[in-house]
Structures are given as C-alpha cells and as structure tokens.
Amino acid sequence: MFVRSLVPALASLLLCACASLQPGDPLQVTVGGVEPLPGEGLELRLLVKLRVQNPNDAPLDYDGVYVRLDVQGKTFASGVSDARGTVPRFGETVIAVPITVSVLRMVRQAMGVMDGQPVDRLRYELHGKLNGAGFRTARFQSEGDLTLPGGAGSASGRPRP
C-alpha cells in the first residue's frame, strides 16, 4: 500500500523538477568577425567570432561549442571548439570557433550558383550549440541574406531560437 502511494508522489515530484528546468528566452548569436587561419591541403580555415547574448536572468555556463554554416541550403563549413566560459545574465560574450571549409564544398557551391541566372543574394543559415552542464545545452540558429557585389552591398540577418 505504501509503495502504491509513493509512485504518484515521485511522479509529481519529477514533473515539478522538469518544469523548473524549462529554458528561458533563446540566445541571440551573430557573427562578430572572421579571420583567416592556416589551412592544410584542400581546405580553408577561418576563425569565426560569435557574439552570444543571453537575454535571461540566469548565467549560462558552457563547455564546448559547435557551429555549422549552410549556404543556399547546403552545408558549407563547420567547426568545434573546446572553449569554456560563462555568458553572464543579461550579458554577452564573444566566443572564437575555428571552422573548416573544404575546397570540394566551395566548388560544389560555386557550381550550384552558376546556373546561368544572375545571383545577387546568397541565403545563409548558422546553426550551433553551446554545450552546457546537464540539461543546459543551448542550441541556436541565425539566418539571413548576403547581398553580392552589384546588388545593394549589404548583409541582413536575424537570429532564430
């Protein structure tokens, strides 16, 4: 009899615990800068600086970063870093992540763009995650358009959760 009443009590306790782990507002992640790195063979290496803004009332500790850049709906570059730190509550930080672009991906992207039609914009999506402790891993996505020379000459984008 005691066990029968213990099970519902434990179940409700677990549900309350899970409800308290719900994430707040999504992180806002944008590219703050790009610098060249030495590459090897058929690859291009870049150091991407991500500006991460935390609009929540709790700091986010992270231990590891992953990022993937898609251009025109196809994976173009990806990278990882074992960086660790904290994004402060209602604050921001810059995280440097080395990414790799293979020459084969660059050629594939160029061939896809060269279909005989003029191209003035390239659609991009940035996907990634900050690996946190336990259930605190934060995923992010940002997307936008790059205007190529001959167009307006600007980039526009918006972060997405």
Side-chain angles (χ1 to χ4, degrees), residues 7-106 108-109 121-148 152-161:
V7 171
L10 284 174
S12 71
L13 182 62
L14 285 173
L15 286 174
C16 290
C18 289
S20 68
L21 292 175
Q22 288 198 7
D25 293 323
L27 297 175
Q28 302 296 308
V29 180
T30 56
V31 175
V34 178
E35 298 174 7
L37 289 174
E40 294 184 26
L42 296 175
E43 66 181 15
L44 172 67
R45 302 266 298 155
L46 302 167
L47 186 67
V48 175
K49 295 182 180 178
L50 301 176
R51 179 166 306 278
V52 181
Q53 296 178 337
N54 181 3
N56 298 295
D57 192 25
L60 175 67
D61 295 326
Y62 64 90
D63 185 5
V65 184
Y66 164 75
V67 70
R68 183 183 86 224
L69 176 65
D70 295 345
V71 176
Q72 298 293 89
K74 296 180 182 157
T75 298
F76 183 69
S78 62
V80 293
S81 172
D82 64 353
R84 71 174 51 166
T86 301
V87 184
R89 63 183 284 279
F90 295 109
E92 65 182 44
T93 191
V94 175
I95 303 170
V97 181
I99 66 168
T100 303
V101 183
S102 78
V103 170
L104 298 175
R105 283 184 180 166
M106 284 191 285
R108 184 180 72 191
Q109 288 287 349
R121 290 179 185 252
L122 289 177
R123 185 86 182 136
Y124 74 88
E125 290 183 15
L126 180 71
H127 305 268
K129 72 176 182 175
L130 292 177
N131 194 48
F135 297 108
R136 297 283 312 221
T137 295
R139 296 184 183 278
F140 58 86
Q141 181 176 347
S142 180
E143 62 183 40
D145 294 307
L146 293 172
T147 303
L148 300 176
S154 65
S156 65
R158 66 181 189 277
R160 286 188 9 185

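Nearest heavy-atom pair across A77 and I99 is CB-CD1, 3.8 Å. Residue D145 comes nearest to Y124 through the heavy atom pair N-CE2, 3.7 Å, listed as atom of the first residue, atom of the second, then distance. The minimum heavy-atom distance linking V87 with E92 is given by the pair CG1-CA, 4.4 Å. For F140 against Y66, the heavy-atom pair with the smallest separation is CZ-O, 4.1 Å. When every heavy atom of P55 is checked against every heavy atom of D25, the shortest pair comes out as CG-CB, 3.7 Å. Summarising the geometry of R45 relative to P98, their closest heavy-atom pair is NH2-CB, 3.7 Å, with the distance given to 0.1 Å.
For L37, the CG atom is densely surrounded, since the number of other residues' heavy atoms within 6.0 Å is greater than 12.
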>> side-chain contact (heavy atoms from CB on, under 4.5 Å), that's the test. Do Q141 and R139 meet it? Break it down for me.
In response: CA-CA 7 Å; Q141 181 176 347; R139 296 184 183 278; over 6 Å; no
>> Please evaluate residues E35 and K49 with respect to the criterion side-chain contact (heavy atoms from CB on, under 4.5 Å), reporting the C-alpha separation (whole Å), side-chain torsions for both, the decisive distance (0.1 Å), and the verdict.
In response: CA-CA 8 Å; E35 298 174 7; K49 295 182 180 178; 2.7 Å; yes
>> Pair L126, L50 - check side-chain contact (heavy atoms from CB on, under 4.5 Å), show working.
In response: CA-CA 10 Å; L126 180 71; L50 301 176; 4.0 Å; yes
>> Before you tell me yes or no, could you show the steps for L27 and N54 under side-chain contact (heavy atoms from CB on, under 4.5 Å), namely the whole-Å CA-CA distance, both residues' side-chain angles and the distance that decides it to 0.1 Å?
In response: CA-CA 5 Å; L27 297 175; N54 181 3; 4.1 Å; yes
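Checked against side-chain contact (heavy atoms from CB on, under 4.5 Å), I95 has the following partners two or more places apart in sequence or in another chain: V52, Y62, V65, A83, T93, V97, L130.
Without hydrogens or angle criteria, E43 side chain to V101 main chain gives no donor-acceptor distance under 3.5 Å. Between the side chain of N131 and the main chain of T137, no donor-acceptor pair closer than 3.5 Å is present.
Annotation: the span from T30 atom OG1 to Q53 atom CD amounts to 6.5 Å, rounded to 0.5 Å. Rounded to the nearest 0.5 Å, atoms CD (Q28) and CZ (R51) are 13.0 Å apart. From H127, atom NE2 reaches atom OG1 of T75 across 7.5 Å, with rounding to the nearest 0.5 Å. Taking CG of L60 as the reference point, atom CZ of R89 lies at 14.0 Å (rounded to 0.5 Å).
Using a 4.0 Å cut-off between a side-chain N of Lys or Arg and a carboxylate O of Asp or Glu, D82 and R84 do not qualify as a salt bridge.
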